[in-house]
A.B. asks: 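Could you have a look at this structure, given as structure tokens, before my questions?
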Amino acid sequence: MAPLLELRNVSKVYSRGVINKVSTTALNNVSLTLNENEPTIMTVAGESGSGKTTLAMLLLGFITPTTGQIFYKGKDITSLRGEERMSFRREVQAVFQDPFAVFNPFYSVDHLLEVPIERFKLAKSKAEARNKMVEALTAVGLRPEDILGRFPHQLSGGQRQRINVARALLLKPRLLVADEPVSMVDASLRANILETLRSLQRNHGVSIIYITHDLTTAYHIAKSIIVLYRGSVMEAGDVDTVIKRPQHPYTRLLIDSIPWPDLNRRWGETDIKARESEISDQGTGCKFLVRCPYAMDVCTAPPPLFRLDDHQATACYLHAENPQLSVDKLSELLPV
Ligand code: SF4
């Protein structure tokens, strides 16, 4: 059976200027696989500028890779047309950071939920449409009688974000791309929304790519993690192993900067300092070189991934005694 989702050596380069072209590599040679019959939650973590939002846009088909391919159920998503494209649009849903942005203040919540039902012809009657709305709201832990008929300003940020999840759920997605879904929600509601996402995976068979700058929430929700820095994979593996025993200097610095484990403290609040000139797209070596306290001569060449064990790999020459791992084999280390 073809995987649900497969990224094969995907890179995305943005260029600007006509005569003096300047290129920025937003994502560099990322491969991952999600199996169709093993719904899981995978975290993609990184600071701002790490390429994680570019990855979300690629997964949703909003932008195309510069090199590499993305397959959904065995088909390159850039080649999907007609009914297949419609199915992809229905089955791959997104929940974004801002729970307020998708609401029109002049419409009640019902409207937000009715639009996808009409667009994808999910119900034959008004009664059936309402039943579907009730079912989706209940599935995300909301009481439909408290929500339907209300206007956005009458709801909390947490309720709005859960309505966004319910809206995605209406379409019976196979894959949810959740890009910083709790970063604009009060700390007290974060655990609630994370539990809702976990229940979608467990009870509704939805795989989730959880994109975040917040390692504490990643630890609480995901099975596996990929840490990105400036578009490249720094470390990846089982979330428990990577967070408790980080081996890449970048991951270590990130984890050292948080009191672990604490859902209410957001990882990434303290940036690791780097001068602007140091983080340009110049240089072919390790992307972390100018910030790394352990940099060596060999680091001027791009480090491959080294397989540390069955659950962890890191792209760092400090671990060069381990066997190298091709990036397209990375998914073998990621538990489901
Ligand atoms: Fe530091 Fe070198 Fe490892 Fe990069 S490869 S993280 S520069 S030690």
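Predicted model, so just to flag it, every value in this text is computed and none were measured. Both counts, for ligands and for their atoms, begin at 1 and track the order of listing.
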A.B. asks: Report the protein N/O/S neighbours of atom 1 (Fe) of ligand 1 that fall below 2.8 Å; do not count waters.
C.D. replies: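 N, O, S partners closer than 2.8 Å: Cys292 SG.
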A.B. asks: Restricting to side-chain contact (heavy atoms from CB on, under 4.5 Å), what partner residues turn up for Ser207, sequence neighbours left out?
C.D. replies: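 Partners of Ser207 under the side-chain contact (heavy atoms from CB on, under 4.5 Å) test: Leu4, Leu34, Pro39, Thr40, Leu175.
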A.B. asks: Would you check if the side chain of Gln201 reaches a backbone N or O of Ile41 as a donor-acceptor pair within less than 3.5 Å?
C.D. replies: no
A.B. asks: Report, in ascending order of atom number, the atoms of ligand 1 lying under 4.0 Å from any heavy atom of His248.
C.D. replies: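 Near His248, the atoms of ligand 1 are 6 (S).
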A.B. asks: Only one of Val239, Val182, Leu194, Thr216 passes side-chain contact (heavy atoms from CB on, under 4.5 Å) with Ile221; say which it is.
C.D. replies: Leu194
A.B. asks: When you check the gap from the basic side-chain N to the acidic O, do Glu180 and Lys52 get nearer than 4.0 Å?
C.D. replies: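 Between Lys52 and Glu180 there is a salt bridge, with a charged N closer than 4.0 Å to a carboxylate O.
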A.B. asks: Taking the hydrophobic residues Ile, Leu, Val, Met, Phe, Trp and Tyr, and joining any pair whose side-chain heavy atoms are under 4.5 Å apart, which ones share a cluster with Val13?
C.D. replies: none
A.B. asks: To which residues is Tyr317 joined in a hydrophobic cluster, defined by side-chain heavy-atom contacts under 4.5 Å among Ile, Leu, Val, Met, Phe, Trp and Tyr, whether direct or through other members?
C.D. replies: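 Joined to Tyr317, directly or through intermediates: Tyr294, Met296, Val298, Phe306, Leu318.
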